[in-house]
Every structure is written in structure tokens, then in C-alpha cells.
Amino acid sequence: MTDTAADFVRSYAALAPVAFLPELKLHQAEEPIGLWELTEGEYRSEQPPPFWAFAWAGGQALARYLFDHPETAAGKRVLDLASGSGLVAVAAGLTGAASVRAVDIDPLSAAAIGLNAAANGVAVDVDQADILGGDAGDAEIVLAGDVFYSQAMADRMTGFLRRAAKNGAQVLVGDPDRAFLPKPLFREVAAYDVPTPFALESVTVKHTRVWELRGPAKA
């Protein structure tokens, strides 16, 4: 985490509780448009929206599932992909994961994850990298919130997740019915009505599901 990136996160995203997840708090921006314009300047990212600055619906649902079923991550090595704010990684840490690795390509996400982990008193290893061409290492559970927002991302993510499952990891994703989720590969394990900022989703509540990737023999 660079001091400049951390200062930027602190300046534009205030630490506050997440209504749907009272167990934790998160650095969150009040409105996306001005921040989006700022991050297209000096802090340009290949992913246009500032994923690190909001509690997106897929991540909220996945985090809620971890709190509702704490045995899911407890005692396990966790990998959180495209971590954004680190919301899901923090939830895994708070529910007793043995270790948590959060991965994102955006330097501002890396900064936000570190700040949010510290604010919630959990240890998260932050990895600013693109690992989708590789594998999940020794992770026992792989988590991904709101990652099927484009065909290109969905294709790469699906390949990674299937390799992780083939190597024995449990794979869970949170998704608010994005167009590119390959539903036949998954089974639904939970559903939530998640509060969302209208400016992001054009609705104030998003029906969001948690899915588990089927094993290689069933895919």
C-alpha cells in the first residue's frame, strides 16, 4: 500500500458501517460519479468503476453468507478474487479463516483492502496482481463477489474458478444476476435482497444470490 493511494482512499471514502453487514465497517464513497471522474485521471484503472469504494451487491451477499454460515471459512485458507474494497476478505477474517489472501489489480483497491482490514482488526494478505491465468495455490476456499460484469472477465474468471475446483477448493461467488454468470456451472446456496446505491444499480434493492461451483464431474 502506498501512502498516496491510502491517503486518496481516506479522502474520498469515509469509514462507516455497512447496513446489510453490521458486523463490519468499510471505507465507502458517498456518490460514484465524481469519484469515477477522479479515478479516470491520475488514478486511472483498467476497470473504470471504483470497485474499491462501494459495497457492491455480490460482495455483500457473499459476506452475509459467510456471517450466516461461519463454518464456511473458519479455519481455512481463503482466496478472495477481484477483492475491490476487501469486503469479502474482511468477512472471511472475521469468521475465523486461518489465512486470507485478497487479490486485485487496482492499486487503490490494494490500499482500500489494507485500510479496511486494519479497521476491522483482521489480517489480510494483499496481492496487487492479475492471477487469473494461474491457479489458486493452496487456497481451500475461493471467493468472488460481483465478477461476471463483462464477457471477457467472465471467461477468464470461469477458467480460474474451474481450475481451483479441480484442485479441491470450494468455490463460492456472489452475483446479482449479471448477464455473464455461467449459471449451469453453479448451484444456488443462498439468496438475499441487498440494499444498493441507486446511482450504481438504478435500484435501491438488488436480489442477489450466492452460488457454489459444481465439482468437475458435474460441470
Side-chain angles (χ1 to χ4, degrees), residues 16-26 28 32 49 51-74 76 78-97 100 102 104 116 120 136 139-151 153-158 160-162 164-165 169-219:
V18 179
F20 195 60
L21 302 160
E23 296 90 341
L24 57 75
K25 49 195 173 182
L26 201 68
Q28 302 167 75
F51 290 120
W52 54 270
F54 303 98
W56 294 79
Q60 287 197 63
L62 194 48
R64 182 71 267 156
Y65 182 82
L66 294 180
F67 285 121
D68 290 348
H69 305 275
E71 71 281 0
T72 303
K76 296 177 183 175
V78 174
L79 171 62
D80 178 30
L81 289 170
S83 187
S85 65
L87 169 63
V88 175
V90 167
L94 289 172
T95 55
V100 183
D104 202 290
N116 289 327
N120 288 278
E140 296 172 281
I141 180 167
V142 177
L143 306 172
D146 232 326
V147 296
F148 296 100
Y149 51 82
S150 73
Q151 188 65 67
M153 181 65 164
D155 290 346
R156 298 190 70 216
M157 183 64 67
T158 300
F160 183 96
L161 296 177
R162 295 186 80 174
Q170 181 185 17
V171 174
L172 295 172
V173 305
D175 188 86
D177 288 330
R178 303 295 186 204
F180 303 103
L181 173 71
K183 290 182 181 178
L185 300 179
F186 293 85
R187 68 177 187 91
E188 182 180 334
V189 297
Y192 302 97
D193 289 323
V194 179
T196 58
F198 185 85
L200 290 180
E201 301 283 7
S202 300
V203 294
T204 56
V205 176
K206 196 86 171 171
H207 188 70
T208 305
R209 288 178 277 189
V210 177
W211 302 85
E212 181 177 20
L213 185 65
R214 299 178 188 273
K218 299 178 183 178

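When reading the values below, keep in mind they use all heavy atoms of this one structure, side chains included, and skip hydrogens, waters and symmetry mates. Only a predicted model underlies this, so the values are computations on that prediction, with no experimental measurement involved.
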K.L.:
Do Gln170 and Thr72 make a side-chain contact, defined as non-hydrogen atoms from C-beta onward lying under 4.5 Å apart?
P.N.:
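SC-SC contact between Gln170 and Thr72 confirmed.
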K.L.:
Measure the CZ-CD distance between Arg187 and Glu212 for me, rounded to the nearest 0.5 Å.
P.N.:
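Result: 4.0 Å between the selected atoms.
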K.L.:
Just jot down the ring-ring contact (aromatic ring centres under 6.0 Å, His included) partners of Phe148, sequence neighbours excluded, or say none.
P.N.:
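Here no residue qualifies.
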K.L.:
Taking Asp175 first and then Arg209, would you say they form a salt bridge - that is, a charged N and a carboxylate O separated by under 4.0 Å?
P.N.:
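So Asp175 does not pair with Arg209 through a salt bridge.
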K.L.:
In a check of side-chain contact (heavy atoms from CB on, under 4.5 Å) between Leu143 and each of Val171, Val173, Val88, which one passes?
P.N.:
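So, applying the side-chain contact (heavy atoms from CB on, under 4.5 Å) to Leu143 and each of Val171, Val173, Val88, only Val88 qualifies.
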K.L.:
Can you tell me how far apart OG1 (Thr208) and CG (Asp146) are? Round to the nearest 0.5 Å.
P.N.:
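Going from OG1 on Thr208 over to CG on Asp146, the span is 7.5 Å.
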K.L.:
Is any side-chain heavy atom of Val210 less than 4.5 Å from a side-chain heavy atom of Tyr192?
P.N.:
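Heavy-atom side-chain distance check passes, below 4.5 Å.
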K.L.:
Apply ring-ring contact (aromatic ring centres under 6.0 Å, His included) to His69 and list each qualifying residue two or more places apart in sequence or on a separate chain.
P.N.:
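Listed in chain order: Tyr65.
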K.L.:
Distance-only, no hydrogens or angles: does the Glu140 side chain make a donor-acceptor pair with backbone N or O of Val78 under 3.5 Å?
P.N.:
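Not confirmed, Glu140 side chain does not pair with Val78 backbone.
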K.L.:
Looking at Lys76 and Glu71, does any basic side-chain N land under 4.0 Å from a carboxylate oxygen?
P.N.:
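No.
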K.L.:
What's the spacing between Phe67 CZ and Leu94 CG if we round to 0.5 Å?
P.N.:
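Between Phe67 CZ and Leu94 CG, I get 4.5 Å after rounding to 0.5 Å.
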K.L.:
Would you mind reporting whether Gln28 and Phe54 have side-chain heavy atoms less than 4.5 Å apart?
P.N.:
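Phe54 does not reach Gln28 side chain to side chain.
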